[in-house]
Amino acid sequence: MTPTSRYTPSEIEARWQSVWEKHEIFKAVRSADKPKYYVLEMFPYPSGRIHMGHVRNYTLGDVIARYKLAKGFNVLHPMGWDSFGLAAENAAMQKGIHPGEWTYQNIADMKAQMKPLGFSLDWSREIATCHPDYYQHQQAMFIDMIEAGLIYRKNAIVNWDPVDMTVLANEQVEQGRGWRSGALVERRELTQWFFKISDYSDELLSALDTLENWPAKVRLMQENWIGKSRGLQFAFSTVNAPDGHDRIEVYTTRPDTLLGASFVGISPDHPIAKLLERDNAEVAAFVAECRKGGTTEEAIETGEKLGMDTGIRVRHPFDTAQELPVYIANFILMDYGTGAIFGCPAHDQRDFEFATKYGLPIISTYLPSEDAADELSEAYVPQKTEKVFYNRGFAGEQWQTGLEAIDAAIAFCESQGVGQGVTKFRLRDWGLSRQRYWGCPIPVVHCDDCGVVPEKKENLPVKLPEDVTFDIPGNPLDRHTEWRTTPCPSCGKDALRETDTMDTFVDSSWYYARFTAPHADTPTVMEDAEYWMNVDQYIGGVEHAILHLLYARFFARAMQITGHLPQKAIEPFDALFTQGMVTHAIYKSVGADDRPIFHYPEEVDLKGDKAFLKESGAEVEVIPSAKMSKSKNNVVDPLSIISDFGADTARWFVLSDSPPERDVEWTASGAEAAYKHLNRVWNLCERISVMDQGRTGDGNDDLLKQMHKAIHDVTMAIESFGFNAAIAKLYGFTAAIHKSDASQAVQREAILTLAQLMSPMTPHLAEDIWAKLGGESLIATASWPVADEAMLIDDTVTLPIQVNGKRRGEIDVPADMPKDEVEKLALAHEAVVRILEGGTPKKVIVVPGRIVNVVV
RNA sequence: GCGGGCGUGGUGGAAUGGUAGACACACCAGACUUAAAAUCUGUUGGGCGUAUGCCCGUGGGGGUUCGAGUCCCCCCGCCCGCACCA
């Protein structure tokens, strides 16, 4: 049979997209009589080009959105642009274009590239964070948050990126380097704005337990990042210390090792160290050395413990005759705990190394057993949950776990007036000031008389000036006198605007809320937020597990406090899904100068698992599956895939080959296979559409059963994010229709159902089949098919028969046959009879509908 | 170092504790064709004197169970996150 027409995705995809657009199928309108469903994919930075990662991310979201729409939900599925950021300024410097012009052009380009993919997006809600329509509301909320005490200014030692010439938050420093520039981060003292996220440490931590539909991995990463610890804070009294320092406060999570203390260490940034530094050249030199090394990779790798005896001594709180030396040590951080520790070399490897180096005593407080040697060759550091023998314990039993001993030690110390139990967090306040142009201006004014004054709300937005240049390093706002000069909102005198802008993570911390009322003249509208929030399903890369997702959780709380979000939105993302990357093989050869040459996929021919250059025929090395990267030339451009095969093929393939949480390898053969399959479905539709309508055929019930099974299986698979499994079922169902000899009516019903089940993945092809075979209205608005339970039950089942757990045969029995009859049949099976040799089995296990196991 | 995850054919991957390898790729064979492409059909975990039979097989070793890829313990390997955090 020859098809009367060919599958031409370019034609049908454009056609259906315009139909959907015309009918505003995906426009979300609040409606009291329908349950809502909010699907959100992490919005993109407008680099100007979409990549396969975007295609995968938005396809996953689109499958959910279209499925939920078919299930009768009022679906909100918006898209926007995370469009402030450094790349625009870099482009401005390199190409002499204004960052805004560059950004808006990229947005237009990317949108044009996304449209052909046919996502069910409500473009009427599109937002761009760099637009004053968006950031004026961010400025308004900033002012509210200052008033609510959620934002403050302080002098702080900050991470300074010397390449990007800006401050970075702790979260943005990776291995001592800037997360974007890769430059070694320096320390600078600046006056900065901070969000009081640390006030919410405990809350952000405990609320993680409520996020049941988040990946455990992400919750754990946040838990570790927040870093809660319980310990004892107390003071050593000093001997011969400088005036005003008759005590040194320390914090420890192991107060049970207090009797093993052999020294006190203070940070090079500790006030005492700073005091000594002033009039002691030796100390000054040492401290300078520590600071220099502090953040370098080298220092972390070698990890050499450096210390310097200050000459100061402290008294042990439980044995005042015992005096401990006070060292300045390079491994003690000023911003954790109190910036001072006591060292217990017996039970801390780092302290052990330090004590060995400087000849300090090593005193154990607990041992693995009562008769264990008290001389240690390395620190003894068991798990806190392990029971150990306390030879120098001072609270509780001699045999107890570390945890018990710590609790007992805190209680004992508190009762003796030596310090108190304290809970500390690793999470620091979020520094949001950036010395950049292309960000949301911080809406405050610095007045000589009134100090720091928030801008009046009626003066918002504080718009970025357009007339700026990037020919000089640094922030152009600093040198824009006209823009900077403004009347003080409080006294009206000439004053200066703040020239720092906000960290772009602020922009992405509330965009999900803005989508619920994207054109409102307030940041949010309560009724809309009340209706649409929370995001029912959020989808994005795991790389945002800490930064973005923690900030957004904080921001939702801050917005709730300032009246911009309802209480219910305090955790804005009900369910989170983190998808894997799209990877591709790398084709590599070695050039004349021994340098690797990376070949583009289109430059090589694949023969089996080997690859040869098209030009020369030379074999090249195939490095399996790595993240798509421009430098490795293993990038596949979605646009070329769409023009070769169509959007449906691209969508089908990224879903089909791997579970969505795992990486998927893009292969040319896989993409072609997807295309071939869609062609088969198309041809099948052609066959049925020209078939004689009066045709009766055979196996009608059989095909209908397979159809209901497919409805059931595909629905279950979609519900559980098993899109690859759903597609496997769809392959099977397609083959069943293909082989079927059923009547035209039944085949038509089957393929219409197939089209519906495929429609979340390949919406254009599905729509076309629907139209061709006379489906009612549009498939995009059709209700999801429901499996008939009665059709799922088979009359007869094939039961495998095992003897001692090994399969020896099978029997076909009616599905409702009683257990004892099944047992009789099984025992009569020739393989069982042969093995039993006339004996009787010890036991027969019949699992109805599943298996029979005979134990001999 | 701490925390988490993963390990199944040539490949990507399926398997509510119940027939391991669904589905797809690749390979091989066949049909159609002058030929090729496309399309269609079929085979494909390993082994056994070739079978409607048997043995082995989910990183390795042990255990629980009538039955383990799946649950428990130990080990090995790979991946990810965090890390001078007191």
Side-chain angles (χ1 to χ4, degrees), chain A residues 2-3 174-175 215-225 227 229 231-233 250-255 257 265 267 294 299-300 303-305 329-333 335-344 348-351 353-354 381 383 424-426 542-543 545-546 606-609 624-625 653 656-659 661-665 667-674 676-677 679-680 683 713 716 722 724-732 734-735 738 798-810 830-831 834 841-847 849-856:
Chain A
T2 45
E174 294 166 355
Q175 262 133 41
K217 177 194 168 109
V218 173
R219 297 201 315 244
L220 254 157
M221 280 165 74
Q222 292 213 354
E223 187 182 322
N224 293 337
W225 188 265
S229 68
L232 178 75
Q233 185 161 331
V250 300
Y251 172 71
T252 178
T253 55
R254 292 310 297 258
T257 66
S267 163
I300 289 166
E304 199 191 346
K305 310 293 175 270
N330 64 341
F331 60 86
I332 300 166
L333 308 172
D335 62 358
Y336 189 80
T338 61
I341 62 156
F342 77 78
C344 177
D348 182 300
Q349 190 56 37
R350 190 189 49 198
D351 292 349
E353 283 168 34
F354 192 83
V381 191
Q383 296 283 308
K424 287 204 185 286
F425 295 91
R426 206 186 74 113
V542 74
E543 65 272 21
I546 297 172
L606 296 177
K607 287 183 185 123
D609 52 3
S625 214
F653 178 74
S656 68
D657 245 29
S658 288
E661 67 276 16
R662 248 185 269 180
D663 291 352
V664 62
E665 184 182 3
T667 60
S669 56
E672 277 164 32
K676 283 177 189 174
H677 177 73
N679 263 292
R680 274 193 294 271
N683 291 338
D713 291 351
M716 297 291 280
N724 57 326
I727 284 179
K729 300 290 180 192
L730 289 167
Y731 271 111
T734 307
H738 188 83
T798 302
L799 293 184
I801 298 178
Q802 294 183 335
V803 177
N804 289 341
K806 283 187 195 284
R807 187 179 173 281
R808 297 295 170 185
E810 57 185 40
E830 55 162 337
R834 192 174 62 241
K842 281 186 195 149
K843 202 173 177 183
V844 180
I845 288 138
V846 178
V847 184
R850 299 239 67 135
I851 205 162
V852 181
N853 193 9
V854 180
V855 186
V856 296

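Numbered from 1 within each chain, the chains take letters A, B, ... in sequence-line order.
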Original post:
Less than 3.5 Å between a donor and an acceptor, one on the side chain of A:Arg808 and one on the base of B:U19, is that the case here?
Top reply: no
**OP:** Check the distance between B:C25's P and A:Tyr731's OH and give it to me in whole angstrom.
**Re:** 6 Å
Subject >> Donor-acceptor pair, side chain of A:Thr253 and main chain of A:Gly231, under 3.5 angstrom >> reply: no
Subject >> Spacing of A:Asp351 atom CG relative to B:C85 atom C1', expressed in whole Å >> reply: 12 Å
Original post:
Roughly, in whole Å, what's the span from CD1 in A:Ile845 to P in B:G17?
Top reply: 18 Å
Original post:
The side chain of A:Phe331 lies closest to which of these nucleotides: B:C84, B:G67, B:C23?
Top reply: B:C84
**OP:** Taking only the side-chain nitrogens and oxygens of A:Lys843, find out if one of them lies under 4.0 Å from OP1 or OP2 of B:C66.
**Re:** yes
**OP:** Would you indicate which nucleotide in B:U19, B:A14, B:G4 comes nearest to any side-chain atom of A:Ile851?
**Re:** B:U19
Subject >> OP1 or OP2 of B:C40 under 4.0 Å from side-chain N/O of A:Arg680 >> reply: yes
**OP:** Classify the ring geometry between A:Phe354 and A:Phe331 as parallel (under 30°), tilted (30 to 60°) or perpendicular (over 60°).
**Re:** perpendicular
Original post:
From the list B:C82, B:G13, B:C40, which nucleotide is the closest neighbour of the side chain of A:Ile546?
Top reply: B:C82
Subject >> Whole-Å distance separating the CZ atom of A:Arg662 from the C1' atom of B:U11 >> reply: 14 Å
Original post:
Does A:Asn804 or A:Ile332 map to a spot on RNA chain B nearer the 5' end, using the closest nucleotide for each?
Top reply: A:Asn804
Original post:
Relative to the 5' end of RNA chain B, which residue comes earlier, A:Pro800 or A:Gly670, by the nucleotide with the nearest heavy atom?
Top reply: A:Pro800
Original post:
Can you tell me if A:Asn804 uses its side chain to pair, donor with acceptor, with the backbone of A:Val856 under 3.5 Å?
Top reply: yes
**OP:** Give A:Ala673 one of three labels, base, sugar-phosphate or nothing, depending on what nucleic acid heavy atoms sit under 4.0 Å from its own.
**Re:** sugar-phosphate
Original post:
Ignoring hydrogens and angles, are the base of B:C82 and the side chain of A:Asn224 linked by a donor-acceptor pair under 3.5 Å?
Top reply: no
**OP:** Give one of base, sugar-phosphate or nothing for A:Val847, where a contact means two heavy atoms less than 4.0 Å apart.
**Re:** base
**OP:** Determine if the base of B:G9 is syn or anti; take syn to mean the glycosidic torsion is within 90° of 0.
**Re:** syn
Original post:
When you check the phosphate oxygens OP1 and OP2 of B:C54, does a side-chain N or O of A:Arg834 lie under 4.0 Å from one of them?
Top reply: yes
Original post:
Can you tell which of B:U41, B:A20, B:A83 lies closest to the side chain of A:His738?
Top reply: B:U41
